[in-house]
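Proteins get letters first, then strands, A, B, ... in listed order; numbering begins at 1 in each.
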Protein chains: 2
Amino acid sequence: MKSGESASKFALLGVLSLKPASGYDIKQFVQGSIGHFWSESYGRIYPLLKELADEGLIVQQRGTKASGRSERQVYAITVAGEMALRQWLEHSPRNESPRSELLLKLFFCDHVAPEASAQHVREKKQLEEKHIAIYEQTARHIQQRYPAHPGLPYWLMTLNFGRHRSQALVAWCDETLATLSQLEKKQAKEKTKAKTKAKTKRGTV
Amino acid sequence: MKSGESASKFALLGVLSLKPASGYDIKQFVQGSIGHFWSESYGRIYPLLKELADEGLIVQQRGTKASGRSERQVYAITVAGEMALRQWLEHSPRNESPRSELLLKLFFCDHVAPEASAQHVREKKQLEEKHIAIYEQTARHIQQRYPAHPGLPYWLMTLNFGRHRSQALVAWCDETLATLSQLEKKQAKEKTKAKTKAKTKRGTV
DNA sequence: ATTTCATATAGCACTATGATATATCATGAT
DNA sequence: ATCATGATATATCATAGTGCTATATGAAAT
């Protein structure tokens, strides 16, 4: 495999290493199981499945019109595919380029009132708290359902990652909200001062 | 502005709201100042500058001189541009879809030895520790250099975000490394057991 | 003198998303 | 009965975004 090869291909291989699946299945699995740190779109999944099949890393299982659905195209990983996956897993992951619209807004927000930014931060806090709840619930659920699965410790690690991250961000939100309310107070005071000054000036002129 | 409008446009507007700049300047600024939570590529910057100019949100300062080929093309934000930026700043930021190659590898890593994953996690820890150092250094630097700038508190907030996040991830790395080394020990034990069994079997057969 | 480097713009191939189109089948409502 | 709805399923397109490469120039270093 070429070096510029995208991670998406291996994400699909990874899913197929668990069990054969269709493009639709893959999308569902990604959303439901690794959705908190990965995403795939149909627009990539279907072309990639074809590429992977051309490269011999997966094969199309024909004749599986089992439940009578419309032409379900199920793919399964091959031995070559498993090898490619293992190889990729051992390579150092590329560092992701983060893009946070929230931080971008915050960085430039001296153009607007602190309250507008505070609203964004409050929403972020709510979101992260919701995430924490989901992580904990999911962890309990999979521990109960797959207590002996060899992948379990690794799944829990990824959930733990999210929990740590979200907890830190909630703490940041609290700090930031405090700072923003201080800034608002200060601005209000300066406004009052400016008004008083203006009045005095008007009085003298 | 349309609702599907990308954040990149406003990132450029934000940078130009600080001072007039060329495409090159913008790239430098983004890398140097908001690089820890945002990125822009030349491949987007130049087309977007033209679009923004067409929409009247920015204006080209230097003339479109024909003779000099690679002449510096400096853009400045217009009043309309400032209004558009303010409007955007007040809208709720869209939640970003995170993609972590590290977690993807970790999730599927029961295919390979725990040591391979441990290596990835150690590298991650090093990276985050480096980030923390940079955040703290940058914070000291800008507090010294722009003690009275109205944007300073907001810049510090974004750095603080990074610091919180990185500290949490370092803690996660430590936890995860501990878990991985336990898993490795367990696997080693099972292997030994398997070997002993095999020997016994061979002995009896 | 010429090599090297920082500045600067531009285009292209590839990667990725989100929206939408299309069709089938199961289920329950009318 | 048949009709609406929603889940299943595949596919495509416009748009967004990245990374690499080509090109050019002036200034500094060798």
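- Considering only the side chain of Arg44(B), dG17(D) comes nearest among dA9(D), dG17(D), dA10(C).
- Spacing between atom CH2 of Trp38(A) and atom C1' of dT17(C) amounts to 14 Å, rounded to whole angstrom units.
- Here the C1' atom of nucleotide dT9(C) and the CD atom of Glu40(B) are 16 Å apart, to the nearest Å.
- Atom OH in Tyr46(A) sits about 5 Å away from atom C1' in dT10(D), given to the nearest Å.
- With Ser181(A) contributing its side chain and Ala178(A) its backbone, the two residues share a donor-acceptor pair below 3.5 Å.
- If you check dA16(C), dT10(D), dG19(D) against the side chain of Ser41(B), the one that comes closest is dG19(D).
- Using cut-offs of 30° and 60° for the angle between ring planes, the Phe29(A) and Phe107(B) rings count as perpendicular.
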Pairs: protein N or O with nucleotides 5-7 of chain C N or O, under 3.5 Å:
from   : atom 1 : to       : atom 2 : distance (Å)
dT7(C) : OP2    : Tyr24(B) : OH     : 2.8
dT7(C) : O5'    : Tyr24(B) : OH     : 3.4

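- At a threshold of 4.0 angstrom between heavy atoms, the contacts of Ser97(B) with the nucleic acid are absent.
- To the nearest angstrom, P of dG18(C) lies 10 Å from CD of Gln31(A).
- Dashed line: the shortest gap from a side-chain N or O of Ser6(B) to OP1 or OP2 of dT15(D) is not under 4.0 Å.
- We find that CG of Leu48(A) is positioned 10 Å from C1' of dA16(C), with the value rounded to whole Å.
- The salt bridge (Lys or Arg N to Asp or Glu O under 4.0 Å) analysis of residues 32-48 of chain B, with sequence neighbours excluded, yields the pairs Arg99(A)-Glu40(B).
- Protein atom CD1 of Ile45(B) is 16 Å distant from nucleotide atom P of dA16(D), rounded to whole Å.
- Taking the side chain of Asp25(A) as heavy atoms from C-beta on, and the options dA10(C), dA16(D), dA9(D), the nearest nucleotide is dA9(D).
- Between the CD atom of Glu96(A) and the C1' atom of dT18(D) there is a distance of 15 Å, given to the nearest Å.
- Nearest nucleotide to the side chain of Tyr42(B), out of dA10(C), dA16(D), dA16(C): dA10(C).
- Counting non-hydrogen atoms under 4.0 angstrom, Gly23(A) reaches the backbone sugars and phosphates but no base.
- As judged by a 4.0 angstrom heavy-atom cut-off over every strand, Ser8(B) is placed among residues touching the sugar-phosphate backbone only.
- Residue Leu159(A) holds its CG atom at 8.5 Å from CZ of Phe37(A), rounded to the nearest 0.5 Å.
- For the atom pair Asp174(A) CG and Leu169(A) CG, the distance stands at 11.5 Å (nearest 0.5 Å).
- In this structure, Arg99(B) places its CZ atom 14 Å from P of dG17(D), rounding to the nearest Å.
- Contact check, Ser39(B) against dT18(D): a side-chain N or O comes under 4.0 Å of OP1 or OP2.
- Leu16(B) CG to Glu82(B) CD: the interatomic distance, rounded to the nearest 0.5 Å, is 10.5 Å.
- Between Trp155(B) and Tyr146(B), the gap from one ring centroid to the other is short of 6.0 Å.
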